[in-house]
Amino acid sequence: PFSNKEPDYIRKIVTATYHIPADVQVSSECKDLLTKLLVADSDRRLNMEEIKKHSWFRHALPSGATEMNEWYQKENSGVDEVMNHIDSLILQAQKRGVPGEPVISVTF
């Protein structure tokens, strides 16, 4: 829903200002899910459990898909550590830089 050809597209991403083009066919269930995911305030955004319960997510879901995802998440528990690093980088990027100091620092 975001195009780098639009002016201020980074601001639109950060503020979750978007529109779905009229020529793109999207079901009402999908639009509902998107509006609940593309929310600037993370406290108001759906979490994974809520996504799994959403009607669009459950519609025509292949049998065993949720079990496969749960297995994959358990087998790839290191993903949480990577996500924590990504979250840390995002928080650092959102802070104003101090003159003479790097805005983003990465340690693994």
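Keep in mind it's a predicted model, so treat the numbers as computed, not measured. For the numbers below, each heavy atom of this structure counts, side chains included, while hydrogens, waters and symmetry mates do not.
When all heavy atoms of I20 and K31 are compared, the pair lying nearest together is CD1-CG, 3.8 Å. Summarising the geometry of H54 relative to E29, their closest heavy-atom pair is CE1-O, 3.3 Å, with the distance given to 0.1 Å.
Residues L37 and F57 share a single hydrophobic cluster, defined by chaining ILVMFWY side chains whose heavy atoms lie under 4.5 Å apart.
For the pair R45 and D41, the salt-bridge criterion is not met [side-chain N within less than 4.0 Å of a carboxylate O]. One finds no salt bridge joining E50 and K53 here, because no Lys/Arg side-chain nitrogen approaches an Asp/Glu carboxylate oxygen to under 4.0 Å.
Side chains of L46 and L33 form a contact here, defined as non-hydrogen atoms less than 4.5 Å apart.
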